[in-house]
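Everything below concerns the one structure shown next.
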Amino acid sequence: MGSILAHDGLEMRTVRSFLKGIATMQKPSSSSRRIAQLLLLSITLIFTAYSARAADTQVGSVTNVTTSVDPTNGSTVVLFWINDGGTALNSKAAVTAYADDVIRVRYFFYNIDGNLWPKEEPMVAKPLGQWPTKTLTVVDQGSTYLLSTPQLDVVVTKSPFKVDFKDKSGFYLSQDNTNFFNSAYIYQAQSGWTSGDYKLKAARVLPSNQAIFGLGEYGGPLNRHGREMEVWTQGTGTYHWGEFQNPVYMNMPFFYGVQPAGGGVPAFVYGIFFNNPCRPLFSFGSTKSGAGNLSYEAGDGQMDYFFFGGGTNHTMAGVMDRYSELTGRPTMLPKWAFGYQISRFSYLDQNTVTNRANEATAANIPLDAIHLDIDYMDQNHDQNISDGQLHQLSFNSNYPNPGQMAANCAAKGVKIVPLIEPWLEPGDPMYGEANGLNHFIKDNSSVTVTRSIYVGNVSWFDFSSTPMRQWWGGKIGNWLNSFPFAGIWNDLTEPEGGDSIPYDGLLWCDGHYGLSTTDSRRQMSNERNYFGLRSSQCSYEAMLTKYPNKRPFVLSRSGNTGLQRYAVSWSGDTTTDPFYRRVTIPFGLSSMISGAAWYGHDLGGFDGNPTGEQITRWHEFGSFLPYFREHASGRNGDIDREPWKYGEPY
C-alpha cells in the first residue's frame with residue numbers, strides 16, 4: 001500500500017490530515033470515529049514499515065573482477081568489486097573453492113574500502129589453509145562470469161550481483177534471487193524478529209516441491225518448507241518447550257535442499273551453511289522470504305555462506321560429509337558413553353549415589369554412569385557455610401568423601417559425571433580472582449555483568465578468552481587430581497538468562513579487536529550463539545589435558561554448529577507426557593542430521609511421574625539413541641525413575 005500511495009504522489013502528512021479530519025468531525029458516530037482512528041493507525045504502521053524498508057539497499061552491479069592467491073594454501077580467490085550506488089558505497093565479494101563441491105561466498109556491504117575484514121569463526125574447524133589447493137578460472141560470458149570446478153559451475157551475474165550453482169550438465173542446483181543490506185541498521189536486543197529488519201539478507205529461489213531439512217534443534221515436521229526459524233540460542237523460555245517453539249537450546253545455521261526428480265532433471269541434494277552468528281533468521285517460502293523464495297538474514301556482520309554440492313551425484317551423504325569436514329567430525333566418545341546412564345536433579349547426598357550403583361548391580365542392570373546435578377555444590381545443604389550460594393568445583397557436607405564415592409562406583413563399573421556451570425556467584429571463593437583477571441563478560445562500560453537467574457546472581461565466564469579458558473581449565477584439572485571423574489556436564493550454556501546480558505556487552509576475543517567498545521565483533525550480539533560451543537571446548541580441553549590418553553566426555557545442553565567436535569547434547573527440560581515421546585523424535589533427528597551426531601533425551605521426561613508402562617516405552621526408545629540417559633527432577637515430589645524401582649514386568 002505504501003508503494004501505491006507513493007506512486008500516486010499522496011504524502012503521509014496529507015493522509016494523516018485527511019483522516020484526522022474525519023475522526024474529529026463534530027457529529028460522526030462513535031463507530032465512524034473508531035474506524036477512522038483504526039485506519040489512521042493502520043496506514044501509519046504501513047508507512048513506518050515502508051520507511052524502514054526504504055533504508056534497505058539491493059546489492060549492486062559488478063564493476064571489476066580480479067583473482068588472487070590465498071597465502072595459506074595457494075587456492076584461487078575471485079574478487080568482485082560491487083557498486084551499490086555511489087563512490088562511497090563500494091562492496092567487495094569473494095568466491096573461493098574449498099573443494100570441487102564446496103564453494104564459499106563472502107561479501108560485506110557498505111564498507112568504504114570494501115575489504116573483507118576478519119571475524120570470529122569458531123564454527124569452522126578446517127580453514128582454507130588445511131584444504132588442498134583449488135584453482136578457479138574466470139570466463140567472461142557477457143552478462144555473467146563462469147567459475148568452474150570439476151563438479152560445479154558457479155555462475156556470477158554482473159548486474160545485479162548474484163551467485164548461482166549448477167550441475168556440470170547444466171541444470172541449476174540453487175539460484176540466487178535478490179540480496180539486500182541496511183547500512184543504517186544496528187542490532188538491538190529484541191524479542192524475536194518483530195522489528196522486521198536486518199543488516200543483511202540473501203534470498204534464493206525455492207521450488208514449490210523442494211524439501212528443506214536441518215537447522216538443528218527444532219520440533220515439528222522435519223521438512224521446514226513453509227517455516228520461519230530463528231537460529232538463535234534461547235536463554236529463557238525453553239522449560240517445557242513447545243513443538244513449534246523457536247528458538248530453543250541449540251541451533252545450527254545449516255540446511256539441506258532436497259529436490260525430487262522432474263522435468264528431465266535427476267533428484268539432487270545441496271546444502272548451505274550460513275556462517276553468521278548474529279541472530280540469523282531463515283525463511284522457507286514464508287513471510288520473510290515470500291512464496292517461491294528461501295532467505296537467510298542476520299542482524300550484523302557479513303553475508304558469508306558455504307555451498308555444498310554433495311559430490312558428483314549431489315547426495316545428502318555427500319553434503320553431510322563435506323559439512324562435517326568443514327565444521328568438525330563428531331568427537332570420538334569413550335565406549336562407556338554409549339551405555340546406560342542415570343541422573344537426578346538432584347542426588348542430595350553421597351550415599352544415595354553409591355546406593356544407585358549397588359542397586360543397578362543387584363538388579364543386573366548394566367549401568368555405565370551417574371550424573372551429578374547442581375545440588376552437590378549447593379551450600380544451602382551445608383551447615384558449615386552460611387552464604388547459601390553455589391560454590392563451583394566443591395562439594396557440600398553431604399558429600400564428605402567424593403573420592404571414595406567415585407571409587408566405590410568405579411568398582412561396580414559406574415562412572416561419575418559432575419555438572420559444572422559456566423558462571424560464578426559473587427560468593428564463590430574463586431569469584432574475586434576471576435574478576436580481577438577479567439575473566440567475566442563485561443557490559444559496554446567494561447564493568448562485569450552480574451544478573452539474576454534462577455539460582456541467584458551470577459557473572460558469566462568469557463570463553464572467547466584463551467587466558468580465561470586456560471585458567472578455568474587449570475582449576476578443573478586441579479579438581480580432577482583429587483576426584484577422578486570421567487566426564488563433565490555443562491548445563492545452562494545458552495547461557496541461561498542470556499537475554500539479561502546486554503547485547504553490546506563486551507568479550508575479549510583474544511584481543512583481536514583491541515579495546516573498542518563499538519566494534520560489534522566482540523559484542524554479545526555476535527558471541528551469544530558461540531557461548532555453548534566455546535564452553536564445551538574449554539571442558540573438552542581440560543579433560544584432554546588431564547587424561548591425554550583417554551577420549552573426553554562432555555555433555556552440553558546448548559551450542560551451535562561445531563559443538564559435535566567436543567560434546568554430546570540432549571533436548572533439555574521436557575515432561576513425562578507421551579507428547580514429548582513423540583515430538584522429541586524429530587527434535588533429535590533434526591539435530592543429528594544437522595551435525596550433532598551424539599544426541600539424546602531425558603528418558604521419562606524431566607518432570608512428572610511416569611507409570612511402569614510409560615518408563616518402559618521411554619527406555620525402549622532411548623536404547624536406540626546415541627546418548628542413553630534417564631534424567632528427572634526431584635524438586636517436585638517426582639518419583640524415582642530407575643527401572644529396577646518399578647518391578648516386574650517392567
Side-chain angles (χ1 to χ4, degrees), residues 189-194 215-220 224 227-253 277 279-282 343 345-346 371 373-374 419 421-423 451-455 458 460 489-501 503 524 527-536 555-561 563 567-577 579-592 594 596 599-608 627 629 631-633 635-636 638:
Q190 57 196 44
S191 177
W193 280 86
T194 54
L215 299 180
E217 198 177 64
Y218 293 92
R224 310 307 191 186
R227 299 278 304 275
E228 188 171 289
M229 310 179 84
E230 288 184 56
V231 181
W232 184 244
T233 301
Q234 177 67 294
T236 58
T238 47
Y239 185 72
H240 296 176
W241 48 266
E243 181 172 8
F244 292 93
Q245 179 176 334
N246 84 85
V248 280
Y249 299 107
M250 186 166 62
N251 65 83
M252 292 164 172
R279 201 160 194 157
L281 177 72
F282 289 77
S343 181
F345 178 46
S346 288
H371 293 241
D373 209 321
I374 198 169
L419 180 146
E421 299 287 21
W423 40 254
R451 297 289 189 273
S452 178
I453 62 173
Y454 81 95
V455 300
V458 302
W460 292 268
W489 172 11
N490 291 143
D491 201 16
L492 311 188
T493 47
E494 295 76 35
E496 174 83 17
D499 293 325
S500 66
I501 302 176
Y503 75 94
M524 192 63 182
E527 277 290 325
R528 174 165 162 173
N529 265 5
Y530 296 154
F531 187 88
L533 171 60
R534 293 190 189 275
S535 171
S536 296
L555 172 65
S556 177
R557 188 169 79 175
S558 302
N560 68 332
T561 292
L563 183 72
V568 173
S569 45
W570 89 105
S571 59
D573 296 335
T574 58
T575 73
T576 197
D577 192 295
F579 164 80
Y580 281 105
R581 206 163 64 242
R582 173 179 66 82
V583 299
T584 53
I585 295 175
F587 200 78
L589 286 174
S590 181
S591 298
M592 288 188 277
S594 301
Y599 198 87
H601 308 286
D602 289 346
L603 303 184
F606 180 68
D607 284 325
Y627 178 52
R629 183 184 73 154
H631 178 52
S633 173
R635 297 292 185 91
N636 303 313
D638 294 346

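Below, each value reflects all heavy atoms present in this structure, side chains not excepted, and no hydrogens, waters or symmetry copies. Bear in mind the structure is a predicted one, so any value in this text is a computation, not a measurement.
- Proximity of a side-chain donor or acceptor of Ser569 to a complementary backbone N or O of Ser556 within less than 3.5 Å is not detected.
- In this structure, CG on Leu589 lies 12.0 Å from CZ on Phe587, to the nearest 0.5 angstrom.
- Taking the centre of each ring, Tyr218 and Trp241 stay at or above the 6.0 Å mark.
- No side-chain heavy atom of Phe531 sits under 4.5 Å from any side-chain heavy atom of Thr233.
- Of all the heavy atoms in Asn560 and Met252, the pair that sits closest is C-CG, 4.1 Å.
- The two atoms that bring Asn529 and Pro280 nearest to each other are ND2-CD, 3.9 Å, heavy atoms only.
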Might you work through the side chain to side chain contact (heavy atoms under 4.5 Å, CB included) test for Tyr249 and Ser571, ending with a clear yes or no? CA-CA 8 Å; Tyr249 299 107; Ser571 59; 6.0 Å; no
Trp423 vs Trp460, side chain to side chain contact (heavy atoms under 4.5 Å, CB included): CA-CA, chis, key distance, verdict: CA-CA 4 Å; Trp423 40 254; Trp460 292 268; 4.0 Å; yes
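- Within the 4.5 Å cutoff, the side chain of His240 has heavy atoms near those of the Tyr580 side chain.
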Criterion side chain to side chain contact (heavy atoms under 4.5 Å, CB included) on Phe606 and His631, from CA distance to verdict: CA-CA 6 Å; Phe606 180 68; His631 178 52; 3.4 Å; yes
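- Remark: Phe579 pairs with Glu243, Asp577, Arg582, Val583 by the side chain to side chain contact (heavy atoms under 4.5 Å, CB included) rule, at least two apart or across chains.
- Looking at every heavy atom in both residues, Ile453 comes nearest to Glu496 through CG2-O, 3.6 Å.
- In this pair, His371 and Trp489 present their aromatic rings perpendicular. The plane angle is above 60°, beyond the 30 to 60° band.
- Within the model, atoms CZ of Arg581 and OG1 of Thr574 stand 11.5 Å from one another, a figure rounded to the nearest 0.5 Å.
- A 4.5 Å side-chain heavy-atom check between Pro495 and Met524 finds at least one atom pair inside the cut-off.
- Shown here are the salt bridge (Lys or Arg N to Asp or Glu O under 4.0 Å) partners of Arg534, two or more places apart in sequence or in another chain: Glu120, Glu527.
- Side-chain atoms of Glu230 and Arg279, non-hydrogen and from C-beta on, do get closer than 4.5 Å to each other.
- A donor-acceptor contact shorter than 3.5 Å is absent between the side chain of Ser590 and the backbone of Pro586.
- Side-chain atoms of Ser535 and Thr493 include no donor-acceptor pair closer than 3.5 Å.
- Within the 4.5 Å cutoff, the side chain of Tyr454 has heavy atoms near those of the Leu492 side chain.
- Between Thr238 and Gln245, the closest side-chain pair of non-hydrogen atoms falls below 4.5 Å.
- The minimum heavy-atom distance linking Leu555 with Arg629 is given by the pair CD2-NH1, 3.8 Å.
- Here the side chain of Asp607 pairs no donor or acceptor atom with the backbone of Thr575 at under 3.5 angstrom.
- For the pair Leu533 and Leu563, the tightest heavy-atom approach, listed with the atom from each and the gap, is CD1-N, 3.5 Å.
- Contact detail for Met250 and Ala596: the closest heavy-atom pair is CE-CB, 3.9 Å.
- Of the N and O atoms on the side chains of Asp602 and Trp570, at least one donor lies less than 3.5 Å from an acceptor on the other residue.
- Just one of Arg557, Arg528, Gln234 meets the side chain to side chain donor-acceptor pair (under 3.5 Å) condition when paired with Glu494; it is Arg557.
- Arg451 places no side-chain N or O within 3.5 Å of a backbone atom of Ile501 that could act as its donor or acceptor partner.
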Ile374 and Asp491: CA distance, side-chain angles, deciding distance, side chain to side chain contact (heavy atoms under 4.5 Å, CB included) verdict: CA-CA 9 Å; Ile374 198 169; Asp491 201 16; over 6 Å; no
